[in-house]
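In what follows, residues are counted from 1 in the order of the sequence shown. Since we're looking at a predicted model, the values are computed, not measured.
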Amino acid sequence: KDDDNKDENNKDNDNTSKLTQPEIDTLCGWLKDSLGNERIKEVKVTDRLSDSPCIVTDHESAALRRMMRMVDQVNAQRAQKLPPQTLEINPKHPIIVTLAQSCGDDKEQVLAKLIAEQLYDNALMAAGLIEDCREMLP
């Protein structure tokens, strides 16, 4: 019986930590606006993530970016900026759920924006698109 009760409690906890579709739509729009069109092409929801709050997709590979950077250095050109990325979010992750609650609160806007920028930078690092982490510092 205890195992059955634990399973039921876990199901209840999972349901309370999910975002509704209107909350997801609001968060996706807010993230796109907060991070800017020069950094974000699109924000989508994904179900393929389990432990991570977000991931960057549709990007050039890190190896291709390094090769382009070397060609730019040889030709004495300035390195190209990173093109806008697609950010996929995990609506079940506690950080994303809390961010969705915070982004609508005027008192929490500054902190929510910092968290969004950190999530984006972490996703870029995980994808191998930021080689020098000092770029993350203001």
Side-chain angles (χ1 to χ4, degrees):
K1 279 189 169 183
D2 288 337
D3 290 337
D4 292 338
N5 289 338
K6 287 179 184 177
D7 289 341
E8 288 176 16
N9 288 339
N10 286 341
K11 287 178 185 175
D12 291 341
N13 288 340
D14 288 345
N15 289 337
T16 58
S17 65
K18 289 183 182 177
L19 296 175
T20 64
Q21 191 59 45
E23 290 173 326
I24 290 170
D25 294 340
T26 300
L27 178 62
C28 288
W30 181 84
L31 282 168
K32 186 161 174 36
D33 291 342
S34 294
L35 296 172
N37 290 331
E38 66 278 351
R39 294 169 72 186
I40 295 290
K41 175 174 47 173
E42 179 182 12
V43 179
K44 303 192 287 191
V45 173
T46 186
D47 290 328
R48 66 182 174 157
L49 297 174
S50 59
D51 296 332
S52 300
C54 60
I55 189 172
V56 172
T57 57
D58 295 338
H59 60 272
E60 300 165 340
S61 72
L64 178 62
R65 298 257 330 137
R66 282 192 292 276
M67 184 181 72
M68 290 171 52
R69 193 170 293 129
M70 284 189 280
V71 169
D72 288 343
Q73 287 175 351
V74 169
N75 294 332
Q77 295 177 355
R78 187 171 180 216
Q80 295 179 1
K81 287 181 66 173
L82 189 65
Q85 303 294 310
T86 298
L87 184 68
E88 293 187 18
I89 60 171
N90 176 1
K92 298 174 190 168
H93 196 279
I95 293 175
I96 298 297
V97 172
T98 304
L99 184 61
Q101 295 165 354
S102 299
C103 73
D105 187 1
D106 290 338
K107 295 177 185 176
E108 300 289 327
Q109 282 286 323
V110 174
L111 180 59
K113 186 168 175 26
L114 285 173
I115 293 169
E117 289 176 2
Q118 185 66 53
L119 287 172
Y120 176 72
D121 287 344
N122 289 354
L124 289 176
M125 290 275 291
L129 297 175
I130 293 181
E131 290 184 13
D132 185 5
C133 61
R134 290 178 292 182
E135 294 176 16
M136 294 171 52
L137 300 173

Which heavy atom in [X] sits nearest to a heavy atom in [Y], and how many Å separate them?
| X | Y | answer |
| --- | --- | --- |
| A116 | W30 | CB-CZ3, 3.9 Å |
| I96 | P91 | CG2-CA, 4.2 Å |
| H93 | S52 | CD2-C, 3.6 Å |

Open item on the list: Apply the hydrophobic cluster definition, ILVMFWY joined by side-chain contacts under 4.5 Å directly or through others, and give me every member besides L49.
Closed with: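 ILVMFWY cluster around L49 also holds I55.
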- [ ] List for me each residue that meets salt bridge (charged side-chain N to carboxylate O under 4.0 Å, His left out) alongside K113, sequence neighbours excluded, and say none if there are none.
- [x]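 Result, salt bridge (charged side-chain N to carboxylate O under 4.0 Å, His left out) vs K113: E117.
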Task: Pair listing, salt bridge (charged side-chain N to carboxylate O under 4.0 Å, His left out) test, anchored in residues 27-37, at least two apart - done: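 Qualifying pairs, neighbours excluded: none.
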Task: Verify same cluster id: L119, L111 (apolar side-chain graph, 4.5 Å) - done: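 Yes, because L119 and L111 connect within a single hydrophobic cluster, where side-chain heavy atoms sit under 4.5 Å apart.
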Task: Side chains of T86 and V56 in contact at under 4.5 Å (non-hydrogen atoms) - done: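 No; the side chains remain at least 4.5 Å from each other.
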Open item on the list: Looking at R39, is its backbone amide N or carbonyl O close enough to the side chain of Y120 to form a donor-acceptor pair, meaning the two atoms are under 3.5 Å apart?
Closed with: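 Yes: the side chain of Y120 pairs with the backbone of R39.
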Task: Set of residues satisfying side chain to side chain donor-acceptor pair (under 3.5 Å) with respect to D25, sequence neighbours excluded - done: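 Listed in chain order: Q21.
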Open item on the list: Test of understanding: with side chain to side chain donor-acceptor pair (under 3.5 Å), list the residues that count as partners of T20, not counting sequence neighbours.
Closed with: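 Side chain to side chain donor-acceptor pair (under 3.5 Å) check on T20 returns E23.
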Open item on the list: Restricting to side chain to side chain contact (heavy atoms under 4.5 Å, CB included), what partner residues turn up for C28, sequence neighbours left out?
Closed with: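 Result, side chain to side chain contact (heavy atoms under 4.5 Å, CB included) vs C28: I24, V43, V45, I89.
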- [ ] Please list all pairs passing the side-chain hydrogen bond (donor to acceptor under 3.5 Å, both in side chains) test where one or both residues lie in residues 96-108, with sequence neighbours left out.
- [x]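 Every pair satisfying side-chain hydrogen bond (donor to acceptor under 3.5 Å, both in side chains) with a residue in residues 96-108: there are none.
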TODO: Take T57 and R48 through the side chain to side chain contact (heavy atoms under 4.5 Å, CB included) test and state the conclusion after the steps.
DONE: CA-CA 12 Å; T57 57; R48 66 182 174 157; 2.8 Å; yes
How many angstroms lie between atom [atom1] of [X] and atom [atom2] of [Y], to the nearest 0.5 angstrom?
| X | Y | atom1 | atom2 | value |
| --- | --- | --- | --- | --- |
| S34 | Q109 | OG | CD | 6.5 Å |
| L87 | L124 | CG | CG | 8.5 Å |
| K44 | L31 | NZ | CG | 14.5 Å |
| K41 | L35 | NZ | CG | 15.0 Å |

